Amino acid sequence: MRPTSEPDARRAVRGWPRLCVAVAVVVVAFGAVLSTGVGGEDISQNISNVGLCLGAITAAVACLLRARSYHGRARWGWALIGLGVLAWGLGQGAWVYLESFRGDNVPFPSQADTGYIGMVLLTPAGLLVLPSQAQALANRARSVLDGLMVAASLLLIAFIVIVEPLLRAGFDSMLELVISLAYPLGDVVIVTIVVYMLALQRQQGRDLGRLALVGAGIVAFAISDIGYAYLNLIGAYQSGGVTDIGWFAGFSLILLAARRPGADTSETTGHDENPAGGPADGAQPIGVLLPYVAVLAALATSVVWFAQHGQSNAFVAYTRSALILLIVGRQLLTLLENRSLTRGLEGRVADRTAELYASEQRFHALVQHSSDVVTVVSPESEVLYQSESIQRVFGGSVAGLTGKRLTDLLLPTSAATLAQALRSLGGRPYATTTIELTLQRGDGGFRQAEITITNLLGDPSVGGLVLNTRDISERKQLQEQLVHEAYHDGLTQLANRALFREKVSEALDVRPDDHDVTVLFLDLDGFKEVNDSLGHLAGDQLLVRVADRLRAAVRDDDVVARFGGDEFAVLITAPLGAPDAEQVAQRIVDSLHDPFRIDTRDMHVQASIGLAAGALLADQGEGGAEQLMRNADLAMYRAKEAGGSGFASYHPQMLSGLVERLELEADLRLALERGELRLHYQPTIDLTDHRISGFEALVRWQHPTRGLISPLDFIPIAEATGLIVPLGRWVLEEACRQAVAWGASAATDAWSSGRHGESGRRSNQLTRIAVNVSVRQFDRCDLAAMVGEVLAETGMPAGKLCLEMTESVLMTDTEENLEQLVRLKALGVSLAIDDFGTGYSSLAYLRRFPVDTLKIDRSFVERIGAQTDDAALARTIVQLGQSLNMSTVAEGVEEYGQLAALRAMGCRFAQGYYFSPPVPADAAGRLLHDGSAAPAVA
């Protein structure tokens with residue numbers, strides 16, 4: 001269909017009611033003039049003749065204009081209908097000329113009948129050409145039979161009502177007979193086509209508007225034709241009578257059909273909207289009943305005719321016989337269709353049954369071979385269904401569980417936990433909860449299980465609470481191992497700094513009022529000389545012996561810890577004023593006087609010990625623990641300054657060193673403004689090809705008077721004062737700018753030397769930058785926005801940036817930090833946990849947080865080459881990273897033995913002085929240009 005603008009379409013819709021009213025007024029006026037004879041017979045005759053001619057031509061023009069708006073069969077159909085109406089109009093023009101202008105009595109037949117017969121021929125052809133549904137062979141056969149039944153019925157009715165009387169009247173010539181029969185028979189054909197097409201389109205759920213108007217017009221024509229035939233039969237027809245009203249109304253209805261706005265999709269495209277051939281939703285199948293209604297009407301008409309005349313007629317008998325044969329054929333076709341439909345339905349049911357059976361078998365196989373054990377229980381824990389996987393996973397049997405109360409088969413504590421969980425879900429349809437229980441295997445062993453319970457009591461196909469049970473014993477063991485290793489020193493198995501800090505905080509919280517908490521901080525005198533002269537292996541053996549003597553020197557309730565290197569600590573709780581702490585310190589000093597026999601050598605080490613009592617603290621919480629440990633550290637330095645091999649107690653005067661710290665804090669506030677901060681870059685090495693995979697940006701402070709200040713001295717100050725936030729942004733901006741500059745430089749060098757592929761490879765792969773992010777930065781909700789701004793300002797690709805954080809980020813403000821990490825991850829940056837293993841991160845947190853990399857703390861790496869127990873912890877972390885699909889980076893690699901051990905463990909990345917110390921940007925750029933910072937390795 002040709003495109004119509006929206007304004008034109010709206011105007012057509014708005015003008016349609018006005019057109020209908022106008023046409024109705026004209027038809028009523030025309031009928032009133034002809035029925036009342038106003039003005040005399042001549043006036044009525046002239047109005048009728050001219051009105052019919054103009055009405056036919058107007059309807060023809062409207063049909064032809066409608067044909068122009070279509071393509072294909074729709075165009076030809078409307079064109080033929082328009083030409084048929086035009087032919088009738090031309091015939092009527094001949095009638096007007098003969099009767100109104102020449103004043104002749106128009107003979108029958110005349111020249112006008114040539115045009116009238118044209119409509120009888122062209123109009124049904126146009127209706128048949130209009131597009132209809134593409135049907136299957138059986139549907140087409142049924143349609144043909146239905147059409148024949150309707151046509152035969154109408155033909156019988158027309159013969160009895162019209163033709164038979166005409167035949168009895170007699171005619172002067174065969175032409176007169178043929179033309180007299182052509183009009184009513186043509187009307188029968190046209191009405192048959194229209195009525196059946198209306199029924200078919202209604203069955204298909206399509207718009208009936210235009211076709212209904214055309215059909216109504218043809219019916220009006222048929223009425224006038226029948227009246228004309230009858231009046232002409234008795235010699236009483238005269239133009240200008242009421243018979244002409246039907247013709248005029250018919251043309252008016254055809255005009256409205258052509259001008260009706262909107263279009264069927266099928267008319268426009270030539271395709272049907274319901275290709276399946278079935279009735280549309282909500283459509284009544286009147287097309288099925290229509291042939292039978294027509295047959296009943298024909299039979300009723302023939303019965304009445306026979307009753308009136310008392311004799312039969314060969315045509316009537318043959319037509320009735322034909323109708324009977326058509327009905328029998330229609331019923332046979334219906335039976336065949338029903339049989340085919342039944343077979344099709346049976347086949348579909350069989351296929352669906354097989355599909356459901358296969359699906360059931362597949363589900364059954366998945367459940368039985370799943371690593372989860374599926375159990376369905378009642379609210380009272382009675383087992384309604386038990387999957388066979390119970391035998392493989394927990395060693396139980398299906399028969400031993402089905403029908404029994406599950407709570408009666410569990411350990412008391414596990415039974416109570418399960419019962420509470422079932423009660424909590426009882427009134428919450430489709431709710432879910434997860435619990436952990438200890439289950440006893442069939443062989444008597446115990447396993448840890450995680451059970452997810454879902455309330456499907458309201459599901460008729462289940463009707464119970466579904467328990468999905470999974471054996472998590474290995475995961476629990478791995479978690480407990482990781483917890484132990486995270487809280488204990490791998491070499492001496494003493495508590496580490498993290499556990500010691502928690503113990504101190506706990507002791508400060510729960511100590512009685514008449515007791516005090518004292519921390520002893522120990523640093524071995526002379527250990528560095530032993531370690532440097534005899535090697536790390538001898539140093540490790542010496543540390544183990546020192547740890548044994550410390551355990552022997554303290555009381556059973558005291559806590560001994562190793563902080564790393566040659567630093568140890570002891571936690572003592574004693575009554576106020578009691579000399580317990582000093583006595584323990586003295587026993588430690590005395591126990592270290594005797595030499596240590598390592599291999600064939602006697603080694604001597606002493607200890608400088610600092611004591612700090614908790615009674616002097618203002619903060620007794622976690623901050624008090626840190627302060628108490630720092631006070632003990634200050635006291636230890638006082639003991640070391642006194643010559644070592646002794647102990648000293650903390651005194652508030654030792655805080656004088658804090659003055660220097662405050663001065664450093666003031667200078668740090670100005671360092672950013674003065675441009676005193678520098679970034680050094682330590683390369684990260686890919687152990688598979690020994691090439692640089694990226695750099696870690698480390699901040700350095702070039703003080704104008706103190707020289708280069710270690711970050712260990714000023715980073716804690718920055719975190720404590722909040723200066724870490726602007727400092728962190730500066731580090732991030734500077735590192736990103738430097739990475740972009742390296743990439744541009746590498747691309748320029750490669751382009752100038754003709755190595756275009758090398759340019760893309762180095763600029764895209766060798767400038768990954770890792771930047772440390774403090775816990776204090778996570779306290780600000782705009783961290784992700786700040787990172788996004790820096791990436792946009794510097795042009796740094798997000799995929800080249802890795803943000804490193806300590807485990808404390810995972811343990812503090814969990815939900816808030818998780819949101820921060822998710823927003824950072826959405827930017828496209830990578831996330832890494834720095835110094836992993838020094839704190840406590842549960843596997844649940846690691847799985848929950850979007851972390852990409854675990855960095856093994858240097859304290860675990862430094863002893864790997866000496867074949868100590870630290871290798872086991874490092875291996876555990878590597879395996880943990882692999883199981884969680886995280887990469888691992890080993891920090892602090894300083895010798896080949898450590899490198900070889902890490903490679904054997906499967907660690908992918910490493911960094912340390914063995915490869916390169918942190919270097920300024922220009923030196924790092926040269927390393928990047930060379931492509932490798934790793935020394936030659938076997």
Side-chain angles (χ1 to χ4, degrees), residues 120 124 127-128 138-169 177-178 180-203 208 211-212 215-216 218-230 233-234 246 279 283-338:
V120 174
L127 292 173
L128 292 175
N139 290 337
R140 289 200 298 269
R142 184 176 64 248
S143 299
V144 171
L145 289 175
D146 290 345
L148 290 175
M149 290 170 62
V150 174
S153 300
L154 294 179
L155 185 61
L156 180 59
I157 295 173
F159 178 83
I160 293 174
V161 175
I162 302 172
V163 176
E164 197 273 339
L166 291 176
L167 293 176
R168 282 192 288 106
L177 173 63
V178 171
S180 296
L181 294 177
Y183 293 130
L185 293 180
D187 291 335
V188 169
V189 173
I190 296 175
V191 170
T192 301
I193 295 174
V194 170
V195 171
Y196 186 71
M197 289 183 66
L198 283 172
L200 184 62
Q201 293 202 16
R202 177 176 174 82
Q203 184 179 1
L208 309 179
L211 188 59
I218 298 299
V219 169
F221 255 89
I223 295 173
S224 292
D225 283 342
I226 293 173
Y228 169 76
Y230 175 75
L233 176 66
I234 63 177
Q284 298 296 328
I286 62 172
V288 177
L289 300 177
L290 179 63
Y292 299 99
V293 173
V295 169
L296 290 175
L299 293 177
T301 303
S302 65
V303 169
V304 173
W305 178 82
F306 183 78
Q308 290 177 348
H309 295 81
Q311 61 181 0
S312 181
N313 181 280
F315 180 82
V316 174
Y318 289 145
T319 304
R320 292 175 66 175
S321 299
L323 284 175
I324 294 173
L325 291 176
L326 289 173
I327 292 173
V328 172
R330 180 67 173 80
Q331 291 303 112
L332 289 176
L333 182 61
T334 301
L335 291 175
L336 292 176
E337 286 183 332
N338 291 339

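This one's a predicted model, so the numbers in the text were calculated from it and none came from an experiment.
- G246 and S224 get closest at one heavy-atom pair: CA-OG, 2.9 Å.
- The distance from atom CG of L296 to atom OG1 of T301, rounded to the nearest 0.5 Å, is 10.5 Å.
- Put simply, the side chain of L336 does not reach to within 4.5 Å of the side chain of L332, judged on heavy atoms.
- Considering CD1 of I327 and CG of L299, their distance stands at 6.5 Å, rounded to 0.5 Å.
- The CG atom of L325 sits 13.5 Å away from the CZ atom of R320 when rounded to the nearest 0.5 Å.
- For L323, the side chain to side chain contact (heavy atoms under 4.5 Å, CB included) partners are A152, S153, L156, V295, A298, not counting sequence neighbours.
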